[in-house]
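One structure below.
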Amino acid sequence: MAAGEREADTGAVDRSEGFGERLLGVLLDRAHEMPPQLIAPLVAEEVARVGGRHVSILLQDYAQLLLVPLPGRRLTVGRPELIDDSHAGTAFLCGAPVEVPQDDGVRMYLPLLDGSDQAGVLALTMDTVDDDDRRLLRRLAGLVADMLVTKHSYTDQFFLARRREPMSVAAEIQWSLLPPLAMSVPQVAVAGILEPAYNVAGDSFDYALNEDILHVAMVDAMGHGLDAATMATVAIGAYRHARRAEVGLSEIYAFMDRAIAEQFGPDHFVTAQMMRLNITTGHLQWVNAGHPAPLLIRNRQVVRQLESPTTLPVGFGGEEPQISEQMLQRGDRVLCFTDGLIEEHEAGEEQFGEEQLIHWVNRIEHKGKGPRAVVRSLSHTLKQERGGSTSDDATLFLIEWRGGAADHLAVLE
């Protein structure tokens, strides 16, 4: 038996009709008042009630390389598993259960999905699995994800499990500022990634889906370390404040510009890009304040850069920005990135450049992966191609427009 594992003594397994619903009902009633440290033994206990054993809760690390076991009573605590080369990683990236026959039964890997926020993977072993078991375990995994996401804001337990290296103060600030790294609804999906994960400072992004409008912002504060993180925090805070006041993109830019100038003075700036996408029509609008032009990806390849008039970075008092527009086709993707991705170079050598970026985007897009998998693969590949390290923050944010209406989801059958 692995370290940290202790099987729950629950007696015979009850497979009677309606037992699964009663089990989930009891667990749901207990979940809301459950302290974070008791999530692990509670989950293991409930899994044992349906004949499961060897339970692991695997959480994604900050660099998005590993799925790390969450320590806890009655959990199996083993080694981290590679996301790109494991059954657990397949379940995580695809957002679908994976079943692996073994000598002692069936090893199951269930993605922990809270809405579209992927918290990790629930792994367990069953003697046999039928459709009722699958349905019950999927619902259980959803409830576990809900508990993890809900309770993470008032405990360090999950942060510490995910952290594989020392983290800078600037990175602590930036990670606390971010929305979920991925979001997906029938009409649109987004995914983002930051590097270096444990030292990121000036880069950040934000998004919100309000009715039929997806709002997106990406910022890159000048400098490094705590000063850059502080500026990025003010920029994102100003963006959220203006966005929630329901003003236009030009007014959002002006508000962010004033906030940075008043707080940090005339010698400091933040490059920024703000977007609005109507997820029903595919109408994309954006303002560019000193940022690299996004890439438009269609049929799995880059068709062009979304060039547009630029205004000065926020903080420099630029003129009212011109709003650019583009009608997307269903399946189109828009890739935003910061300059740290293309300006990296070794002493005396050329910059990595947009040409190489486009080359790798085309290669990775050709594999037909979803947005989350694409940004992960692209970020890790580009970092390797740039020598395995980066002297500046490098951030990617991908938008996929799918179109159509989602009204049918509100109809109960």
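Source: prediction; values computed, not measured.
- Taking the salt bridge (Lys or Arg N to Asp or Glu O under 4.0 Å) definition, one finds that Arg300 meets it with nothing, sequence neighbours left out.
- Under a 3.5 Å cut-off, the side chain of Thr90 and the backbone N or O of Ser86 do form a donor-acceptor pair.
- Phe159 and Tyr62 have parallel rings, their planes meeting at less than 30° on a 0 to 90° scale where 60° marks the start of perpendicular.
- With sequence neighbours excluded, no residue satisfies salt bridge (Lys or Arg N to Asp or Glu O under 4.0 Å) with Glu165.
- Sequence neighbours left out, the pairs with a member in residues 226-242 that pass side chain to side chain donor-acceptor pair (under 3.5 Å) are Asp206-Arg240.
- For Asp131, the side chain to side chain donor-acceptor pair (under 3.5 Å) partners two or more places apart in sequence, or in a different chain, are Arg134.
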Determine whether Arg298 and Asp332 satisfy the following criterion, salt bridge (charged side-chain N to carboxylate O under 4.0 Å, His left out), listing intermediate values before the conclusion.
CA-CA 5 Å; Arg298 180 170 294 161; Asp332 279 357; 2.7 Å; yes
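- Side-chain atoms of Thr310 and Asn288 include no donor-acceptor pair closer than 3.5 Å.
- Within the structure, the side chain to side chain donor-acceptor pair (under 3.5 Å) test picks out the following pairs touching residues 354-364 (sequence neighbours left out): Gln305-Glu354.
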Under the side chain to side chain donor-acceptor pair (under 3.5 Å) rule, what do Ser184 and Arg402 come out as? Steps first, then yes or no, please.
CA-CA 10 Å; Ser184 177; Arg402 300 164 177 173; 3.1 Å; yes
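- Open room surrounds CG on Asn299; 12 or fewer heavy atoms of other groups in view lie less than 6.0 Å from it.
- For Ser308, the side chain to side chain donor-acceptor pair (under 3.5 Å) partners at least two apart in sequence or on another chain are Trp286.
- Ring pair Tyr207/Phe205 is parallel by interplanar angle, where below 30° counts as parallel and above 60° as perpendicular.
- Of the possible donor and acceptor atoms, none in the side chain of Asp220 sits under 3.5 Å from a partner among the backbone N and O of Thr271.
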